[in-house]
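Here the structure comes first, spelled out in structure tokens, and everything after it is commentary.
Quick caveat, the model's predicted, so the values are computed rather than measured.
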Amino acid sequence: MEDRIDFGNGVEYVGEVLNNKPHGKGTLTHTHGTYVGDFNQGYFHGHGVVTINGLLSMEADFEMGVTKGEVDIEYANGNHYHGECENNTPHGKGTMNYGKDKYTGEYVNGSRHGKGSYEFEDGSLYVGEFADDNMNGRGIFNESNGNKYDGEFK
């Protein structure tokens, strides 16, 4: 049996309830998006999909409201991320597709940071260190025209 809880301010839940809290399977709708999935004592807990209108759709496993393990995020601009996540942000190892460009490597708080590789649409490839979303540190850049640079990047 599905219950309905109106939290006010455009927030509504439809699904299984325990002690007047979302618990089990259900849908939480807010003016800015939805969550469809599993709940435990009112928290996202288990598998679910978060959609934030006009920004992204994220499929993930949750533990008491926080992402746990790997996630899949489809951004409204067409970018796609698959990988580790912490506090609902890419963190750890992952892959981001930016249209036809692709980064595979380490993330810190949503930024490319650490070791990784970036494949460009034209076939060029950078393998090396990143800092604050930029090629920064030791790396090798192989251009699609055959030119190669091996050294420091800033």
Count the heavy atoms of every other residue, nucleotide or ligand shown that sit under 6.0 Å from CG of Asn9, and state whether that count exceeds 12.
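Open: at most 12 neighbouring heavy atoms sit under 6.0 Å from CG of Asn9.
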Take a 6.0 Å sphere around CG of Asn145 and say whether it holds more than 12 heavy atoms from other residues, nucleotides or ligands.
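Count over threshold, so yes.
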Are the side chains of [Y] and [X] in contact, using a 4.5 Å heavy-atom criterion?
{"X": "Met96", "Y": "Tyr75", "result": "yes"}
{"X": "Phe44", "Y": "Val50", "result": "yes"}
{"X": "Leu28", "Y": "Thr34", "result": "no"}
{"X": "His80", "Y": "Ile73", "result": "no"}
{"X": "Phe39", "Y": "Glu16", "result": "no"}
{"X": "Pro22", "Y": "Phe7", "result": "yes"}

Nearest-0.5 Å distance, [atom1] of residue [X] to [atom2] of residue [Y]:
{"X": "Met135", "Y": "Glu152", "atom1": "CE", "atom2": "CD", "result": "13.5 Å"}
{"X": "Lys21", "Y": "Asp3", "atom1": "NZ", "atom2": "CG", "result": "15.5 Å"}
{"X": "Glu2", "Y": "Thr27", "atom1": "CD", "atom2": "OG1", "result": "7.5 Å"}
{"X": "Thr89", "Y": "Tyr81", "atom1": "OG1", "atom2": "OH", "result": "10.0 Å"}
{"X": "Ile140", "Y": "Asp150", "atom1": "CD1", "atom2": "CG", "result": "4.0 Å"}
{"X": "Glu74", "Y": "Leu56", "atom1": "CD", "atom2": "CG", "result": "10.0 Å"}

How about His23 and Gln41: does a side-chain donor come under 3.5 Å of a side-chain acceptor?
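Not at all, the side chains of His23 and Gln41 share no donor-acceptor pair under 3.5 Å.
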Does a donor on one side chain and an acceptor on the other come within less than 3.5 Å for Asp72 and His82?
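Yes, His82 and Asp72 have a side-chain donor paired with an acceptor closer than 3.5 Å.
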Is it the case that the side chain of Asn134 and the backbone of Asp132 share a donor-acceptor pair, with hydrogens and angles ignored and the cut-off at 3.5 Å?
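Between the backbone of Asp132 and the side chain of Asn134 there is a qualifying donor-acceptor contact (under 3.5 Å).
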Tell me who clusters with Tyr43, hydrophobic residues only, linked when side chains sit under 4.5 Å apart either directly or through other members.
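For the cluster that includes Tyr43, the remaining residues are Met64.
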Which atoms form the tightest heavy-atom contact between Ala76 and Gly54, and what is the distance?
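Heavy atoms only, the tightest pair is CB-O, 3.3 Å.
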Test side chain to side chain contact (heavy atoms under 4.5 Å, CB included) on Leu125 and Ser117 and set out the steps.
CA-CA 7 Å; Leu125 174 66; Ser117 65; 4.3 Å; yes
Quick one: which residue pairs count as a salt bridge (charged side-chain N to carboxylate O under 4.0 Å, His left out) with a foot in residues 90-114, not counting sequence neighbours?
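Salt bridge (charged side-chain N to carboxylate O under 4.0 Å, His left out) check on residues 90-114 returns Arg112-Asp133.
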For Phe120 and Phe141, take the angle between the two ring planes, folded into 0 to 90°, and tell me which bin it lands in: parallel under 30, tilted 30 to 60, perpendicular over 60.
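Answer is perpendicular, since the angle exceeds 60°.
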Measure up the His30 and His32 rings against each other and bin them: parallel (under 30°), tilted (30 to 60°), perpendicular (over 60°).
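The rings of His30 and His32 lie parallel, inter-plane angle below 30°.
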For Asn97 and Asn79, what are the C-alpha separation, side-chain angles and deciding distance, and is it a side chain to side chain contact (heavy atoms under 4.5 Å, CB included)?
CA-CA 5 Å; Asn97 290 303; Asn79 293 347; over 6 Å; no
Intermediate values then yes/no, side chain to side chain contact (heavy atoms under 4.5 Å, CB included), Thr104 and Tyr118:
CA-CA 7 Å; Thr104 301; Tyr118 196 104; over 6 Å; no
Please report the C-alpha distance between Glu12 and Arg4 in whole Å, then the side-chain angles of each, then the deciding distance to 0.1 Å, and finally whether the salt bridge (Lys or Arg N to Asp or Glu O under 4.0 Å) criterion is met.
CA-CA 7 Å; Glu12 181 179 74; Arg4 181 179 301 273; 3.0 Å; yes
May I ask you to check whether Phe153 and Phe130 place their ring centers less than 6.0 Å from one another?
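Ring-ring flag for Phe153/Phe130: false, centres at least 6.0 Å apart.
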Worked verdict on Glu59 versus Val71 for side chain to side chain contact (heavy atoms under 4.5 Å, CB included):
CA-CA 6 Å; Glu59 184 173 357; Val71 301; over 6 Å; no
